[in-house]
Protein chains: 2
Amino acid sequence: MTVTIYDVAREAGVSMATVSRVVNNNPNVKPQTRKKVFEAIERLGYRPNAVARGLASKKTTTVGVVIPDISNSIFAEVARGIEDIANMYHYNIILCNADKKKEKEIRVINTLLEKQVDGLLFMGGVVTQDHIQAFNTSSVPIVLCGTKEEGNSFPSVDIDHEIAAFDAVNVLISQGHRNIGMISGTLEDPANGYSRYQGYKRALEEAGIPIRDNYVRVGNYRYESGIEATKYFLSLDPKPTAIFSATDEMAIGAIHTIQDHGLKVPDDVSVISVDNIRMASMVRPMLTTVAQPMYDIGAVSMRLLTKLMNKETIDNNQVILPHEVINRNSVAHV
Amino acid sequence: MTVTIYDVAREAGVSMATVSRVVNNNPNVKPQTRKKVFEAIERLGYRPNAVARGLASKKTTTVGVVIPDISNSIFAEVARGIEDIANMYHYNIILCNADKKKEKEIRVINTLLEKQVDGLLFMGGVVTQDHIQAFNTSSVPIVLCGTKEEGNSFPSVDIDHEIAAFDAVNVLISQGHRNIGMISGTLEDPANGYSRYQGYKRALEEAGIPIRDNYVRVGNYRYESGIEATKYFLSLDPKPTAIFSATDEMAIGAIHTIQDHGLKVPDDVSVISVDNIRMASMVRPMLTTVAQPMYDIGAVSMRLLTKLMNKETIDNNQVILPHEVINRNSVAHV
DNA sequence: CTGTTAGCGCATTCAT
DNA sequence: ATGAATGCGCTAACAG
């Protein structure tokens, strides 16, 4: 039924070792026999069995990717960066959504390891002790992608969310705003939640602006929760003259809510956020935001992983990618 | 170094066959010995090697997914549907972006087959003779997902793009519009391009509206090309009173362009399209569109594939999922 | 219910 | 430059 390396060997009149050599581009084969083998391969329609090869060589040229949710455009963009580089180095990726759920994350880490992936890219929520324990059972390298771990005991690549938020809030402050509301993510989320909130706080503190509890609402990153938070802000007195949103999607919700109240962005209320999703330039006014290099985060993570898998020495395995504020039209002087 | 089934057998004082049985949940094991084995597994930190299992059993519990571009929200949504169902049936997915490029598609199909996936989900551009040839070398089932093939010789799941477009244009016509422009995709693309254009044409024909060449512009599905096409339409005399866009993203470009010209949507120009991406309800006015059940297309494809892999008999392997027009605020009576 | 024995398809020594 | 032999870790008869 299925044609194996033995069949090719017989057809070509050589040993299976020789076939293996030509298939693996081993130079120690006479051009003539190489040709014979290729012809036999062609004739028989031979297709190497990567599973058998994986068992024999202990390499699968496959890496596992744990991602929160591929249907979220942020992660999808990261995933594309990962896959492009993986492809470039002849790896394939097994993709697993884990929704930032600890149990699910640990479960897929284990099945990925069972599948003998050559490396693991982890993009998740909090990295708990249980995660670390799971990571430590791995004999293959792991890199955290858009995620950090307290002890920095694993290679990682991400932006500095605290500074990104700090920078965002500062463009507001530099425009004279002092009543600045924040739509935060959940504070349990270390990157998009907690760190961005810390950046907000620090910016205000350094500017000598007192922090008011009712100027901070926590949302769930989605459009709808941006709407909800903004409605609340607009009911306040004094209402914020500017809103810093932890994510673009909530910021867009904010913009629309402000407009629905008959106010103007940015004339009446300025809005800024962090992410720079495609949609950010597809709203009116176009959203000013600090860009997070999603694709690069994925690409650089994967590149780092290839080095690790290759046992190359790494100079810096805690890479922080630069962010950049993108000035568009949603921020104005107060 | 790595602990195998033999180590567990020795540790538990049983044969490796018995260990294999408990690992595979074979009922023919005395509860007592089962317990002993589990303890040994625990003690040794044994992790089954799925590659070895795959070689021995000729099943990898892995399916290959060929997708155009995971960073495109439409496909990402489909992918999520695929992965959820795959997960449910204990499959993992190897994800490959192929950008609708024939060479790339055929290349990844082959590497996926080499990796001994148990099935293949193909989401691509045109299905050429070369594709069919590649498919035919496969000993595992293949289902086309959001893609059709002329001869219907492969299982597939999709919506009926022609009728979806037809329905969209008809809501325009039912509102009294007769000057209807279309922003099309490339006509080489059978689904999103050609079929949707055919639906547009048929709707006009059935309504006795002549088709004018300058009322049709072909774009590339992106926001920017929606803008470009719309600028052109607005320069016409008479200009269209309604625009049908092949995709939501181009439709959003249309809306903004109309607004930037000081006109109102839908009062001055109506806009409708096909897709229903998240963004559609995040524009003002919210976009009226005919929804394509992305997640379901993925989920149903994967479910069909599981049946095929399971050698179940299929009643209908050419499934057409329903679409639905979502009335929002971008269409008005002329 | 449990153990023995063969492969699965290939990479990889080690000879020659 | 090529071939023979071994084993990767496991499943799946088969026997008992």
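Quick note on labels: first sequence line is chain A, next is B, and so on, each numbered from 1. Note that this is a predicted model, so its numbers are computed, not measured.
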Enquirer: With side chains defined as the heavy atoms from C-beta onward, is the minimum distance between B:Gln292 and B:Ile297 less than 4.5 Å?
Expert: yes
Enquirer: How many whole angstroms separate atom CG of A:Asn26 from atom P of C:dC14?
Expert: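 Atom CG in A:Asn26 sits about 16 Å away from atom P in C:dC14.
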Enquirer: Are OP1 or OP2 of D:dG9 and a side-chain N or O of A:Lys58 less than 4.0 angstrom apart?
Expert: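 For D:dG9, OP1/OP2 do have a side-chain N/O of A:Lys58 under 4.0 Å.
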Enquirer: Closer than 3.5 angstrom, by distance alone: can the side chain of B:Asn310 be matched with the main-chain N or O of B:Glu312 as a donor-acceptor pair?
Expert: no
Enquirer: Take the protein atom NZ of B:Lys115 and the nucleotide atom C1' of C:dC10, then report the distance between them rounded to whole Å.
Expert: 15 Å
Enquirer: Can you measure A:Ile5 atom CD1 to D:dA5 atom P for me and round it to whole angstrom units?
Expert: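 Distance, rounded to whole Å: 16 Å.
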Enquirer: Classify the side-chain pair B:Lys148/B:Ser195 by whether it contains a donor and acceptor separated by less than 3.5 Å.
Expert: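 No, no side-chain donor-acceptor pair sits under 3.5 Å.
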Enquirer: Atom pairs, N/O to N/O, protein against nucleotides 12-16 of chain D, distance under 3.5 Å?
Expert:
none

Enquirer: What's the CG-C1' distance between A:Asn28 and D:dG3, to the nearest Å?
Expert: 14 Å
Enquirer: How about B:Gln129 and B:Gln133: do any of their side-chain heavy atoms sit closer than 4.5 Å?
Expert: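 No - every pair of side-chain heavy atoms lies 4.5 Å or more apart.
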Enquirer: Has A:Thr18 got a side-chain N or O lying under 4.0 Å from the OP1 or OP2 atom of D:dG3?
Expert: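 Yes.
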Enquirer: Please report, rounded to the nearest Å, how far the P atom of D:dC10 is from the OH atom of B:Tyr6.
Expert: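 Answer to the nearest Å: 9 Å.
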Enquirer: Is there a side-chain polar atom (N or O) of A:Thr4 under 4.0 Å from OP1 or OP2 of C:dG9?
Expert: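 No, no such contact exists.
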Enquirer: Going through the distances and angles, do A:Ser156 and A:Thr147 end up as a side chain to side chain contact (heavy atoms under 4.5 Å, CB included)?
Expert: CA-CA 7 Å; A:Ser156 71; A:Thr147 312; over 6 Å; no
Enquirer: Please list, by residue number, the residues of residues 44-51 of chain B whose heavy atoms come closer than 4.0 Å to an atom of DNA chain D; answer none if no residue qualifies.
Expert: B:Tyr46, B:Pro48, B:Asn49
Enquirer: Is there a side-chain contact between B:Thr33 and the phosphate of C:dC1, meaning an N or O under 4.0 Å from OP1 or OP2?
Expert: no
Enquirer: Please report, rounded to the nearest Å, how far the P atom of C:dC1 is from the CG atom of B:Asn25.
Expert: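 Nearest whole value for this atom pair: 14 Å.
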Enquirer: From CD of B:Gln116 over to C1' of D:dC10, roughly how many Å is that when rounded to an integer?
Expert: 16 Å
Enquirer: Salt bridge or not for B:Asp99 and A:Arg80, using N-O below 4.0 Å?
Expert: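 The answer is yes: the pair qualifies as a salt bridge.
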Enquirer: Taking NZ, NE, NH1 and NH2 as the nitrogens, is one of them in A:Lys35 or A:Glu39 under 4.0 Å from a carboxylate oxygen of the other?
Expert: yes
Enquirer: Can you tell me how far P of D:dC8 sits from CD of A:Glu114, to the nearest Å?
Expert: 20 Å
Enquirer: Measuring from the side chain of A:Val29 (C-beta onward, heavy atoms only), which nucleotide among D:dT2, D:dC10, C:dG9 has the closest atom?
Expert: D:dT2
Enquirer: Mapping A:Ala52 and B:Gly13 to their closest nucleotides on DNA chain C, which lands nearer the 5' end?
Expert: B:Gly13
Enquirer: What about A:Phe122 and A:His131, are their ring centers closer than 6.0 Å?
Expert: yes
Enquirer: Give B:Val23 one of three labels, base, sugar-phosphate or nothing, depending on what nucleic acid heavy atoms sit under 4.0 Å from its own.
Expert: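 No contact.
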Enquirer: Within the 4.5 Å heavy-atom criterion, are B:Met16 and B:Thr4 side-chain neighbours or not?
Expert: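 No, every pair of side-chain atoms sits at 4.5 Å or beyond.
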Enquirer: Assess whether a salt bridge exists between B:Lys100 and B:Asp69, defined as any Lys/Arg side-chain N lying under 4.0 Å from an Asp/Glu carboxylate O.
Expert: no
Enquirer: Does C:dA11 have OP1 or OP2 sitting under 4.0 Å from an N or O in the side chain of A:Arg53?
Expert: yes
